[in-house]
Amino acid sequence: MCDFIKKIEINKMKEIPTRYQPNDVEDKWYAHWMDKNYFHSEPDDREPYTIVIPPPNVTGVLHMGHMLNNTIQDVLIRKARLEGKNACWVPGTDHASIATENKVIKMLKEEKGIKKSDLTREEFLKHAWEWKEKYGGIILDQLKKLGASCDWERTRFTMEESLSKAVTKVFVDLYKKGKIYRGLRMCNWDPKVQTVLSNEEVEFKEEHSKLYHVKYRIEGTENEWVTIATTRPETILADTGIAVNPKDERYAHLKGKNAIVPLVNRAVPIIFDNYVDMEFGTGCLKVTPAHDTNDYEIGKRHGLEVIDSFNADGTLSEAAQFFVGEDRFVARKLMAAELEKLGQLVQTEDYQNSVGRSERSKAIVEPRLMLQWWVSMDGFAKTALDAVKDGDVDFFPKHIFNMYNSWLKEENVRDWCISRQLWWGHRIPAWYYGEEVFVAETIEEALAEAQKKTGNAALTTDDLIQDDDALDTWFSSWLWPISVFDGFENQDELNYYYPTNVLVTGWDIMFFWVARMIMAGYEWSGDLLENKPKYPFKDVYFTGMVRDVIKRKMSKSIGNSPDSLKLIEKYGADGVRFGMLSSAAAGNDIIFDAPFIDPKKQLAVKDESDNCMQGLNFANKMWNGMRLVLSWKIIEQPLNEDLGRVNALAGQWFESLLQKNIAALEESYSQYRLNEGVMGLYNFIWGDFFSWYLEIIKPPYGEGIDRKTYETAVNFFERLMTILHPFMPFVTEEIWHLLKERKDGEDCVISRYPTAGAFDEKLLADFEATKDIISKVRDIRTKNGLKKHEPLKFFVQKTDGVEQLLSREGLKETIIRTAVLESIVFTDSEPENGVAFISGPEKFYVIVEKEIDVEAEREKMTKELNRLQGFLTGIEKKLGNERFVNNAPEKVVAMEHKKKSDTEAKIKNLEEALAKL
RNA sequence: AGUGCUAUAGCUCAGUUGGUUUAGAGCGCUGCCUUGACAGGGCAGAGGUCAUGAGUUCGAGUCUCAUUAGCACUACCA
């Protein structure tokens, strides 16, 4: 690298290509940062800044959501690092039990022809671990491409030993506290994967189906019937009741009677329950307690029998008596046909209802009565709710709290089902001896308890049977902010890093994960740490969902997600980061333009993005700005006085503006308004630094620049690279090194982040006025076809205001030089051949020794005059309104008066100029 | 069905407690401009009844209510 820099020193410009090429640069710097171990953190006496990554699934590949989420985290962690904090970003993955188990089963079937049922638990897990070792790290490598500055030495996995121990420990702890229990409940059963799911893992969607009207004969009658409506005729075989509303006159006479269930000919009671909606269908409901959550409740109220007519895989069981062994959907058709044959199918109608599917396997979820493990939300819910309500944890954006609240409030929250009928995951630390269950961290402890409880000292571990089920993955993820620091084992690191500063995640896992981490934080961190806040993170920044141009969520199944790595290849990681961030308004969903519809071709263009292109263009602009600066030859003797004053003023102005921008950026950071931050920098660097500052100090072609101005410019450039670094780490590091020779270890990634200082508002305002004057001269120049470098005669209508403005040291010279004027002359009269313009309230003239396009000038001035007059009318109306003058604050009224006089001055100037034409 | 969020230029968004311009930015679009950093560039321009309707106020993009549309969450759908 040093050789490279030396070469540039010898002949700077010729060595540097005119286009910025990100790919090589990015790999080079990432390797360098890793080599220097800059991302690694050890506790020390600095202030910590900690983020734990939302662990992606170990099966995952980098998608747009990850890119956005991790770019944001990287921006925050890099900023903290630049500020001299001990920045620690802990990466890792979770074991994703359902997703991974599915993948492994599929792989075994396709590649090795093995069924899960052919394997023992141990054999299966061996395959699963092999699979994990082979594919499990992919997403983490992809994050490196994005520039993520994680502390890779700290990479954790939810199933490694220490984190698994933590899971066991908290399970036992909660069980002993009575917060975990085993209970028979209606669960969401996934017949494909054959596991229960938590409510959060079931997706409900409207689907087309059929509503079957079926009549049941009343017992003891020949031809009296009740008609029910059902979408699931196959469950008729497990009916144990018929329910009607107690107020329903139509069925009042059926009190105490039974109905006969078709096919099985079972007599079931007709019961009266308020749950039944008289308006719906026939007002008559079949009750199948084993296969419907509500029916189960009704059954419980009326003491109905529970008949489970399904097997675990969704086929009909012996208890169904008919269609045994047939799949539930096949049985549905067979049942309908059979009912038709019997003449009991009154009608079928098309119907739309919402159907719950497994989030992972997409199988239709079957309500099933099962004995499962649960975490009681009593207490937990309130803790999590209060943490945010009381301001321990702050949500960004704030309004997300509404959703959080509606989930956690007492009347809505439901206990958390944590057992899963899977092998891949943490096995439940519960052992059975007959009907007794013993929950302990090890089998030996369980045995000791069993011996004590039974009074049978002869019991051995062989007599105990461990629960087959594994725990919900989130039951390990909720410990993440503690467990990644091995906090349950020892608190050395936890004490330093906990609580973490911010969590960056999508709102879609607010309940799965965020709420539960807060619960876990309050439940255990107090026991582990003294005198520390209990919350796991101070702030939560919820990112939006990444959507495509027509607002669909990006997903694998639609295929509307661009290939992240291809985007990085095309635009550079910096370009992609810029593209993502600039479209990511805090809290809103992100409409990302890749793939986008090409307006000309009307075709979807894959893996292209104007947003990312903007980022690449920005990098290129900076690259060329750097080339410009490097091309300047430094001369040691001072320049002429005018030029000296121009450069000095430009330096003062830009310094002030830099301070102002640093302060504004800080404000954006504090609200996590990163798109505002990055766009502000974009406009500041491109618009002010390159288009104004460098243009002003740029020496005439072939001439040199004085050392002081050169060094000031390089210093500005350097500071800009530091403040931009968190957003675009690679290009800033590259430019940082090319700008001047650096010592070993003097890298942008660890440079010093500037704190905002004072800035001179008057100077900034004066300079804005200056820029406006220069722009307007340039405009007149191009409109009248005047040459770029031909000095123009220039007059100013003399007023106190403009005299004061132009008296600022270097300002007049700046205008003369930058607008290319002969001189600036004050005047009281209209000069000949003058094209007038108004800037602020002041009037200026550019002498054009040419035919002026009078018509065009007149049109332009008239248009402006009309606008101003309309504006003035508005102000006058306001000031003419007594109630306004009397009621509005004095300040506001004074402002209107000033607006009025300013506008009147402008109008006067314009009218004069117009008359002169 | 209930609740929440959103609605400002072709697109993505700003617009901070109502008063500093009859609304701003970036991208896109249109026109012009290539001998010295950059066409991945420069300059200029067009484009908005601030979703609709009412209200509060001296004054509403900003506050209130209703309506409509989109998105989401929750519940139910026999």
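The structure displayed is predicted, hence computed values, not measured ones. Naming convention: chains lettered A, B, ... in sequence-line order (proteins, then strands); numbering from 1 in each chain.
Between the side chain of A:R781 and the backbone N or O of A:A819 there is at least one donor-acceptor pair closer than 3.5 Å.
The listed nucleotides are B:G40, B:G19, B:A14; the one nearest the side chain of A:R673 is B:A14. When distances run from any side-chain atom of A:N624 to the nucleotides B:G19, B:G26, B:C38, the shortest one goes to B:C38. Comparing B:U21, B:G26, B:G19 by their closest approach to the side chain of A:Q614 singles out B:G26. The side chain of A:F884 has B:G19 as its nearest neighbour among B:G36, B:A37, B:G19.
To the nearest whole angstrom, the two P atoms, one in B:A72 and one in B:G28, are 30 Å apart. For B:U64 and B:U57, the C1' atoms lie 12 Å apart once the distance is rounded to whole Å. B:G45 sits 40 Å from B:C5 when the P atoms are compared, rounded to a whole Å. Between B:A60 and B:U21, the two P atoms lie 15 Å apart (nearest whole Å). Spacing between B:U17 and B:A25 at atom C1', rounded to whole Å, works out to 24 Å. For the C1' atoms, the distance linking B:G41 with B:G53 amounts to 49 Å, nearest Å.
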Please enumerate all protein N or O atoms sitting under 3.5 Å from an N or O of nucleotides 72-76 of chain B, with distances to 0.1 Å.
residue	atom	partner	partner atom	Å
B:A75	OP1	A:R414	NH1	3.0
B:A75	OP1	A:R414	NH2	2.1
B:C76	O3'	A:Y275	OH	3.4
B:C76	O3'	A:N294	ND2	3.4
B:C76	N4	A:S354	OG	3.4

Check: protein-nucleotides 41-51 of chain B nitrogen or oxygen pairs below 3.5 Å:
residue	atom	partner	partner atom	Å
B:G41	O3'	A:K621	NZ	3.4
B:G42	OP1	A:W686	NE1	2.6
B:A46	OP1	A:K863	NZ	3.0

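Counting only heavy atoms from C-beta outward, the side chains of A:M403 and A:F511 approach each other to under 4.5 Å.
Atom pair A:M679:CE and B:C27:C1' shows a separation of 8 Å (rounding to whole Å applied). Distance A:E666 CD to B:U16 P: 22 Å, rounded to the nearest Å. At whole-Å resolution of the value, CD in A:E608 and P in B:G28 are 14 Å apart. We find that CD of A:E896 is positioned 12 Å from C1' of B:C58, with the value rounded to whole Å.
Stacking annotation: A:Y20 is not stacked on the base of B:G40 (requires ring centroids less than 5.5 angstrom apart and an interplanar angle below 30 degrees).
Side-chain contact annotation: A:R883 with A:N886, donor-acceptor N/O pair under 3.5 Å absent. For the 3.5 Å distance criterion, the side chains of A:K286 and A:T235 qualify, holding a donor opposite an acceptor. For the 3.5 Å distance criterion, the side chains of A:H213 and A:T282 fail to qualify, holding no donor opposite an acceptor. Side-chain contact check for A:S582 and A:N675: no donor-acceptor pair (N or O, by modelled atom type) lies under 3.5 Å.
Annotation for A:A515 and A:L408: closest pair CB-CD1, 4.4 Å, computed over non-hydrogen atoms.
Taking only side-chain nitrogens and oxygens, A:K899 never comes nearer than 4.0 Å to OP1 or OP2 of B:U21. At the phosphate of B:C5, OP1 or OP2 sits under 4.0 Å from a side-chain N or O atom of A:N402. Listed pair A:Y682 / B:C27 meets the phosphate criterion, a side-chain N or O lying under 4.0 Å from OP1 or OP2.
Pairing for B:U49 is absent, with no Watson-Crick or G-U wobble pair whose two atom distances lie under 3.5 Å. Across all strands shown, B:G26 forms a Watson-Crick or G-U wobble pair with B:C11, both key distances being under 3.5 Å.
At most 12 heavy atoms of other shown residues, nucleotides or ligands fall within 6.0 angstrom of atom CD in A:E882.
Paired with A:W623 under the rule ring pair (Phe, Tyr, Trp, His ring centres under 6.0 Å), one option of A:Y20, A:F717, A:F618 passes, and it is A:Y20.
Salt-bridge check for A:D772 with A:K776: passed, with a basic side-chain N closer than 4.0 Å to an acidic carboxylate O.
A donor N or O paired with an acceptor N or O is found under 3.5 Å between the base of B:A37 and the side-chain atoms of A:E695.
The aromatic rings of A:Y672 and A:Y541 sit tilted relative to each other, their planes meeting at an angle between 30° and 60°.
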